[in-house]
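These notes concern the structure reproduced below.
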There are 2 protein chains.
Amino acid sequence: MARDTKVFKDVTNRLLSHLQGLTPGAELGSEATLAAALGASRTTVRSALSHMAQAGIIDWSGRDKRLARQPRRDDFFSLDETRPTAERIEEAFLHWILQGDVAPGTTLNEAELSRRYDVPAAAVREFLIRFEPFGLIEKRPNRHWVLKGFTRSFAQEMFDVREMYESHALDRLLALPAESPIRQALREIDAEHRALLKAEDAAMLSFPALDARFHRLLLSAACNRFIDNFGQTISIIVHYHYRWNKKDETLRNRKAAEEHLRILAALENGTAAEARDALAAHLATARDTLMRSVPWAGA
Amino acid sequence: MARDTKVFKDVTNRLLSHLQGLTPGAELGSEATLAAALGASRTTVRSALSHMAQAGIIDWSGRDKRLARQPRRDDFFSLDETRPTAERIEEAFLHWILQGDVAPGTTLNEAELSRRYDVPAAAVREFLIRFEPFGLIEKRPNRHWVLKGFTRSFAQEMFDVREMYESHALDRLLALPAESPIRQALREIDAEHRALLKAEDAAMLSFPALDARFHRLLLSAACNRFIDNFGQTISIIVHYHYRWNKKDETLRNRKAAEEHLRILAALENGTAAEARDALAAHLATARDTLMRSVPWAGA
DNA sequence: CTGTGGTTTTTTATTGATAAAAGACCAAAC
DNA sequence: GTTTGGTCTTTTATCAATAAAAAACCACAG
């Protein structure tokens with residue numbers, strides 16, 4: 001077999017949902033236009049079109065492309081088939097690692113991971129290479145990968161960098177005018193926090209996603225690709241950590257949301273010192289929460 | 001063809017140079033001992049041994065392994081054959097990029113790089129993946145890699161992080177006792193700086209290596225894998241930059257060496273504030289030097 | 001001469017085959 | 001009974017073949 005037809009399926013799906021908005025007989029526009037709109041090559045769009053013509057969804061001959069009938073639900077490919085491979089590995093792998101039942105020192109076999117997650121071996125390899133500088137895994141040349149585990153020292157070092165970056169970003173943020181896009185976005189996030197805190201406890205489950213957005217937005221004020229990059233990886237780790245550690249979840253999230261609000265309030269009305277103080281307090285809580293859930297043992 | 005026999009050649013070379021210290025008739029020791037000493041598998045050591053037996057360098061039958069004659073120069077494999085692939089790509093690629101005649105926006109073809117540097121395509125791919133988070137290149141999914149170039153904003157962002165990390169490391173260093181290994185190592189580096197400054201101008205060519213060691217040692221005080229990792233990459237970039245930018249080289253190096261000495265003196269005898277000040281001054285000069293050589297134009 | 005679609009070429013992603021290197025196993029030697 | 005070396009198995013690195021996707025090319029309609 002050669003490469004997967006993922007892009008073709010994804011393009012077909014997106015083309016179909018576009019067609020749902022049209023009435024039968026409507027013109028579809030030129031191939032080049034469709035390709036540009038879908039962000040794919042004309043070759044792939046043509047494959048999708050001929051697939052849809054065969055299925056009787058469109059009439060197609062030369063320049064004349066018309067909707068023949070409304071797309072049905074079973075015309076679509078399943079979402080699972082179009083999900084990016086990288087995303088699937090990342091999710092499966094991080095879930096496995098942060099689940100906690102994988103001991104540090106475990107050797108990772110590329111072929112086995114590839115089989116287990118049903119993804120190409122090259123994609124597994126690529127993921128592991130990308131993940132290595134992050135420090136959780138290590139490659140022994142000519143040998144296998146070794147899991148170094150989520151140790152206390154790892155968590156500590158991660159937080160040291162996080163504190164450095166977020167403090168730096170906050171200082172940059174304080175220097176920005178109140179009308180800047182980032183500060184406007186922060187005001188919107190402030191409103192979302194208030195709405196979440198007013199809602200029922202169950203709604204608190206959506207806090208991790210909000211938390212990730214808040215911190216990424218904060219870091220984006222640094223306008224630094226290295227910091228953005230780190231923030232992305234950290235948000236993955238923290239996100240999966242939240243998913244895993246269910247203890248006192250609602251209470252913990254509520255407290256974190258309130259700490260976010262204190263930072264946001266200080267940014268809006270308070271002094272720079274108060275904002276720095278609020279951020280430091282929040283990061284200290286976050287560090288404490290994370291460290292509590294990391295086992296003392298481990299290499 | 002399958003994989004290269006690089007490890008075999010390297011093991012053979014190292015075994016040969018070990019044999020040069022022995023007199024003919026001497027026993028070589030067990031296969032397992034040799035394998036452990038050379039950091040390779042017994043399988044590979046056995047291949048090397050049978051190669052050397054065939055060449056008449058040793059007499060080998062069962063447990064009895066003796067040196068038959070002194071290894072000659074032409075018994076060795078050429079150094080070029082044993083150099084790690086990763087190192088070769090890194091050197092060739094970074095040299096090409098930092099040479100400056102490659103315009104940002106240039107597309108990189110994996111197969112072409114593989115041919116040009118005579119390294120396996122997979123190794124090129126691996127190198128590019130590792131290098132991507134560093135921000136110089138970018139992958140368009142299902143398409144090629146794109147060079148983003150060594151732009152002013154890139155250099156600026158790199159230095160922002162560098163300043164953050166080195167300041168943090170310095171604070172950690174100031175808290176260490178005078179007898180700590182890092183401070184001892186710094187005293188040795190201090191002496192090397194003084195020796196270099198006393199020597200002729202030509203000796204200043206070895207400064208870049210000393211500079212890299214100084215900064216890496218400083219960063220190592222942070223005891224943080226993320227910081228160490230960044231330091232490694234930066235030292236590569238700065239190293240290649242030095243190699244490229246020959247203007248006022250000696251003068252520039254001399255100045256930097258003196259700035260290093262000021263930091264080291266402050267660490268030894270001065271106040272914390274003086275040390276911080278000296279570091280800030282040095283980083284400002286370094287930033288200025290780098291920025292001067294980065295063209296204003298570019299994406 | 002510009003936009004469009006049919007066609008061909010190039011490049012990338014993926015797989016399976018193959019040899020190097022590592023690692024496991026086991027019997028003989030000390 | 002521990003060490004050592006011969007042999008076999010597993011895993012990794014590499015290449016070649018193949019199909020998807022992209023990109024280039026070209027002819028023709030308007």
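Reminder, nothing fancy here: chain letters follow the sequence lines and each chain counts from 1. A quick note: this is a predicted structure, and the numbers were derived from the prediction, not measured.
Listed pair A/K139 / D/dA13 meets the phosphate criterion, a side-chain N or O lying under 4.0 Å from OP1 or OP2. Distances shorter than 4.0 Å separate none of the side-chain N or O atoms of A/R125 from OP1 or OP2 on D/dT12. Taking side-chain N and O atoms only, B/K6 has no distance below 4.0 Å to OP1 or OP2 of D/dT12. For the pair B/T44 and C/dA22, the criterion of a side-chain N or O lying under 4.0 Å from OP1 or OP2 is met. Between B/N109 and C/dT10, a side-chain N or O to OP1/OP2 separation shorter than 4.0 Å is absent. For C/dA22, the OP1/OP2 oxygens have a side-chain nitrogen or oxygen of B/S41 closer than 4.0 Å. Taking 4.0 angstrom as the limit, B/R46 places a side-chain polar atom (N or O) nearer than this to OP1 or OP2 of D/dG6. One finds a side-chain N or O of B/K65 lying less than 4.0 angstrom from the OP1 or OP2 phosphate oxygen of D/dG5.
B/N142 places its CG atom 12 Å from the C1' atom of C/dT14, with the value rounded to the nearest Å. Residue A/I89 contributes atom CD1, which lies 13 Å from atom P of C/dA13 at whole-angstrom precision. Protein atom CG of A/L49 is 13 Å distant from nucleotide atom C1' of C/dG6, rounded to whole Å. As a whole-Å value, the separation of B/D64 CG from D/dG5 P is 10 Å. Whole-Å rounding puts the B/R115 CZ to C/dT11 C1' distance at 11 Å. The separation between A/W60 atom CH2 and C/dT4 atom C1' is 12 Å, rounded to whole Å. Across the protein-nucleic acid pair, A/D10 atom CG and D/dA22 atom P stand 11 Å apart, rounded to whole Å. Spacing between atom CZ of A/F8 and atom P of D/dA20 amounts to 10 Å, rounded to whole angstrom units.
Each of C/dA28, C/dG3, C/dA21 was ranked by its minimum atom distance to the side chain of B/R63; first place goes to C/dA28. Listed nucleotides C/dT14, C/dA22, D/dT12 differ in distance to A/H144; the shortest reach to its side chain belongs to D/dT12.
A donor-acceptor contact under 3.5 Å is formed by the side chain of A/T43 with the base of D/dA23. B/R42 contributes a side-chain N or O that forms a donor-acceptor pair with the base of D/dG6 under 3.5 Å.
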Working for salt bridge (Lys or Arg N to Asp or Glu O under 4.0 Å), residues B/E31 and B/K65: CA-CA 10 Å; B/E31 293 178 4; B/K65 298 183 285 288; 5.0 Å; no
B/E126 and A/K139: CA distance, side-chain angles, deciding distance, salt bridge (Lys or Arg N to Asp or Glu O under 4.0 Å) verdict: CA-CA 12 Å; B/E126 185 174 326; A/K139 169 98 180 134; over 6 Å; no
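Residues A/H51 and A/L15 are not in side-chain contact: their nearest non-hydrogen atoms beyond the backbone lie 4.5 Å or more apart.
One distance of note links CZ of A/R216 with CG of A/D228; it measures 9.0 Å at 0.5 Å rounding.
Comparing A/S30 and B/K9 by the nucleotide of DNA chain C that holds the closest heavy atom to each, the one mapping nearer the 5' end is A/S30. In this structure, B/P141 and A/P141 both approach DNA chain D, and ranking their closest nucleotides by distance from the 5' end singles out A/P141. With the nearest nucleotide of DNA chain C identified for both B/V7 and B/A111, B/A111 has the one nearer the 5' end. In terms of position along DNA chain D, the nucleotide closest to A/L108 lies nearer the 5' end than the nucleotide closest to the other residue of the pair A/L108 and A/D4.
Using a 4.0 Å cut-off between a side-chain N of Lys or Arg and a carboxylate O of Asp or Glu, A/E90 and A/R130 do not qualify as a salt bridge.
Aromatic ring pairs are classed by plane angle as parallel below 30°, tilted from 30° to 60° and perpendicular above 60°; the pair A/F226 and B/F154 is tilted.
Residue contacts shown for B/W145 are absent, as no nucleic acid heavy atom lies under 4.0 Å away. At a threshold of 4.0 angstrom between heavy atoms, the contacts of A/R143 are confined to the sugar-phosphate backbone, with no base atom among them.
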